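Written below as structure tokens is the structure these notes are about.
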Amino acid sequence: MAQEAVGRPPEETLSLWKREQALLKARVVDQDTEAWQRDPAFAGLQRVGGVDVSFVKGDSVRACASLVVLSYPELEVLYEDSRLVHLTAPYLSGFLAFREVPFLVDAVQRLQEKEPSLMPQVLLVDGNGVLHPRGFGVACHLGVLTDLPCVGVAKKLLQVDGLEKDALHRDQIRLLRAGGDSFPLRGGSGAVLGRALRSHDRSTKPLYVSVGHKMSLEAAVRLTHSCCRFRVPEPVRQADIRSRDYIRRTLGGPRPPAPGQERKAPRPKVWPQGGPEEPPGEGKTPEAHSPGLRTHPEAPDLGAQGQ
């Protein structure tokens with residue numbers, strides 16, 4: 001029988017979360033802080049981390065949090081930590097970090113204790129940074145709590161501050177001719193919240209890159225592109241692949257949905273969806289994650305999850 005996560009938290013909890021986001025946001029650094037970030041070839045960068053949380057089909061309580069560390073520029077996996085976790089709250093737009101970040105912080109702390117020589121010099125996060133309703137997405141939250149440079153890499157546009165997936169946006173995407181091409185995501189306030197990046201020559205769908213912590217947007221976009229063998233940067237892709245594989249190995253494959261939920265529950269991001277642009281590990285649906293908020297319902301396409 002599928003387990004169910006708790007429902008929407010009370011308004012008092014949401015107010016506390018908003019207050020915490022505002023306090024932590026004041027600590028975000030949106031400029032380069034390391035010498036390697038300012039080098040055109042990222043000389044001095046040796047280890048790039050990626051994080052992901054995957055879900056058990058038909059179970060909105062259990063998930064797998066994964067941290068991987070890859071060598072740079074070879075992009076070979078040096079370290080992996082995947083663990084089953086129990087979610088404590090459902091997905092709620094704008095509060096993803098309170099669902100996921102505690103598990104990811106734990107993974108970083110375990111790495112620091114076990115293999116400090118393999119600590120990543122930067123983390124790529126499947127989600128948004130300052131591209132967020134309150135300017136403090138999951139990549140910012142993780143960066144501030146771990147004090148590591150972080151980059152937000154989302155697969156869908158989060159439509160905030162007047163950003164829309166309208167005809168103009170689609171025209172701009174068509175002008176991205178080759179891998180590495182990008183254009184700014186300028187909100188109605190005039191602020192540049194991120195950049196839409198064509199990450200690979202063979203990919204026509206852009207990624208949405210935003211500052212997380214301790215790194216400039218320009219360096220974040222260059223790094224994301226340099227880590228892409230396919231559409232999604234390899235650190236994030238490997239974390240996703242390994243988290244879903246851990247679920248299969250540990251639980252023997254996805255479980256069927258609970259009776260009566262077959263039509264309500266969307267497909268969780270447990271099985272890979274292959275394709276010419278999206279090899280296994282890239283075709284996930286945006287769903288629930290860990291202790292802050294995000295359940296199994298697929299996030300409405302308001303432009304990706306409200307992370």
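All of these numbers come straight from a predicted model, not from anything done at the bench. Just so you know, residue 1 is the first one in the sequence shown, and it goes up from there.
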So CD of Glu115 and CZ of Arg110: to nearest 0.5 Å the spacing works out to 13.5 Å

Note, Leu223 side chain near Phe42 side chain (heavy atom, < 4.5 Å): yes

Next item on the list: For the pair Asp181 (side chain) and Ala178 (backbone), establish whether a donor and an acceptor sit closer than 3.5 Å, ignoring hydrogens and angles.
Entry: yes

Q.
Set out, in order, the CA-CA distance, both residues' side-chain angles and the distance that settles side-chain contact (heavy atoms from CB on, under 4.5 Å) for Val211 and Gln31, then state yes or no.
A. CA-CA 9 Å; Val211 169; Gln31 299 297 320; over 6 Å; no

Exercise. Is any side-chain heavy atom of Leu251 less than 4.5 Å from a side-chain heavy atom of Leu84?
Worked result: yes

Review point. Under a 4.0 Å N-O cut-off, is there an ion pair linking Glu234 with Arg237?
Key: yes

The reported gap from SG in Cys64 to CZ in Arg248 (rounded to nearest 0.5 angstrom) is 11.0 Å

Less than 4.5 Å apart, any side-chain heavy atom of Leu78 and any of Leu70?
no

Taking every heavy atom of Val68 against every heavy atom of Pro235, the minimum-distance pair comes out as CG2-O, 3.3 Å

Do His132 side-chain atoms and Gly94 backbone N/O form a donor-acceptor pair below 3.5 Å? yes

Of Phe95, Trp17, Phe136, the one forming a ring pair (Phe, Tyr, Trp, His ring centres under 6.0 Å) with His141 is Phe136

- Item | Arg242 bridged to Asp245 by N-O distance under 4.0 Å | no

Give the cluster check for Leu96 versus Leu16: same hydrophobic cluster or not, with ILVMFWY residues linked at side-chain heavy-atom distances below 4.5 Å.
-> no

May I ask you to check if Arg47 and Tyr79 form a cation-pi contact, with NZ or CZ under 6.0 angstrom from the six-membered ring centre and within 45° of the axis? no

Closest heavy-atom pair, Met215 versus Val122, reported as atoms and distance to 0.1 Å, is SD-CG2, 4.0 Å

ask   = Would you say Val105 and Val29 are hydrophobically clustered, going by side-chain heavy atoms of ILVMFWY under 4.5 Å?
value = no

*Check step by step if side-chain contact (heavy atoms from CB on, under 4.5 Å) holds for His213 and Val151.*
CA-CA 7 Å; His213 185 48; Val151 177; over 6 Å; no

So CD of Gln37 and CD of Gln121: to nearest 0.5 Å the spacing works out to 9.5 Å

- Are Arg38 and Asp32 close enough for a salt bridge, meaning some N to O gap below 4.0 Å? no

Exercise. Is any side-chain heavy atom of Ile241 less than 4.5 Å from a side-chain heavy atom of Asp52?
Worked result: no

Interatomic distance, OG@Ser210 vs CG@Asp30, rounded to 0.5 Å, equals 11.5 Å

Nearest heavy-atom approach of Val28 to Cys140 is CG2-CB, 4.1 Å

- Using the rule that two of Ile, Leu, Val, Met, Phe, Trp, Tyr join whenever any of their side-chain heavy atoms come within less than 4.5 Å, decide whether Leu23 and Val144 are in one cluster. no

Quick one, Arg244 and Asp240 - any side-chain contact, counting heavy atoms below 4.5 Å?
yes

Practice problem: Before giving the answer on side-chain contact (heavy atoms from CB on, under 4.5 Å), spell out for Leu87 and Arg62 the whole-Å C-alpha distance, their side-chain angles and the decisive distance to 0.1 Å. | Solution: CA-CA 6 Å; Leu87 310 180; Arg62 288 185 297 179; over 6 Å; no

Go through Leu175 and Phe183 one step at a time and tell me if the side-chain contact (heavy atoms from CB on, under 4.5 Å) criterion holds. CA-CA 9 Å; Leu175 293 176; Phe183 62 84; over 6 Å; no

Check your understanding: Just by distance, with hydrogens left out, do Asp201 and Ser203 show a side-chain donor and acceptor under 3.5 Å apart?
Key -> no

_Any donor-acceptor pair under 3.5 Å linking the side-chain atoms of Thr13 with those of Glu11?_
no

Note: Thr146 and Leu123 closest approach over all heavy atoms is OG1-CD1, 4.5 Å

Side chains of Pro206 and Leu197 in contact at under 4.5 Å (non-hydrogen atoms): no

Residues Leu158 and Leu131: closest non-hydrogen pair is CD2-O, 3.3 Å

ask   = Does any donor atom in the side chain of Ser226 or Tyr72 lie under 3.5 Å from an acceptor atom in the other side chain?
value = yes

### Query
Does the salt bridge (Lys or Arg N to Asp or Glu O under 4.0 Å) test come out yes or no for Arg83 and Asp81, once each step is laid out?
CA-CA 7 Å; Arg83 296 201 178 190; Asp81 180 330; 3.8 Å; yes

Given the options Gln172, Lys165, Glu164, Arg170, Leu168 meets side-chain contact (heavy atoms from CB on, under 4.5 Å) only with Gln172

Rounding to 0.5 Å, atoms CZ (Arg222) and CZ (Arg195) come to a distance of 12.5 Å

Item to check | Lys/Arg N to Asp/Glu carboxylate O, Arg134 vs Glu20, below 4.0 Å | outcome: no

Is there side-chain contact between Val236 and Val125, with at least one heavy-atom pair below 4.5 Å? no

In this structure, CG of Leu111 is separated from CG of Asp106 (nearest 0.5 Å) by 12.5 Å

Query - Side-chain ion pair, Asp147 and Lys214, N-O less than 4.0 Å - result: yes

Answer yes if the ring centres of Tyr208 and His169 are under 6.0 angstrom apart, and no otherwise.
yes

Worksheet item: Where do Lys155 and Asp126 land on the salt bridge (Lys or Arg N to Asp or Glu O under 4.0 Å) test, with the steps shown first?
Response: CA-CA 8 Å; Lys155 293 184 287 295; Asp126 182 9; 3.2 Å; yes

Item to check | Polar side-chain atom of Thr250 near backbone of Ile247 as donor-acceptor pair, under 3.5 Å | outcome: no

Closest heavy-atom pair, Thr204 versus Arg198, reported as atoms and distance to 0.1 Å, is CG2-NH2, 4.4 Å

Pair Arg19-Glu12, salt bridge (Lys or Arg N to Asp or Glu O under 4.0 Å): steps then yes or no: CA-CA 11 Å; Arg19 189 180 309 165; Glu12 307 90 89; over 6 Å; no

I'd like to know if Asp171 pairs up with Arg174 as an ion pair, taking the criterion as any Lys NZ or Arg NE/NH1/NH2 lying under 4.0 Å from an Asp or Glu carboxylate oxygen. yes

Check your understanding: If only atom types and distance count, is the side chain of Ser82 paired as donor or acceptor with the main-chain N or O of Ser66 below 3.5 Å?
Key -> no

Within the 4.5 Å heavy-atom criterion, are Val69 and Val77 side-chain neighbours or not?
no

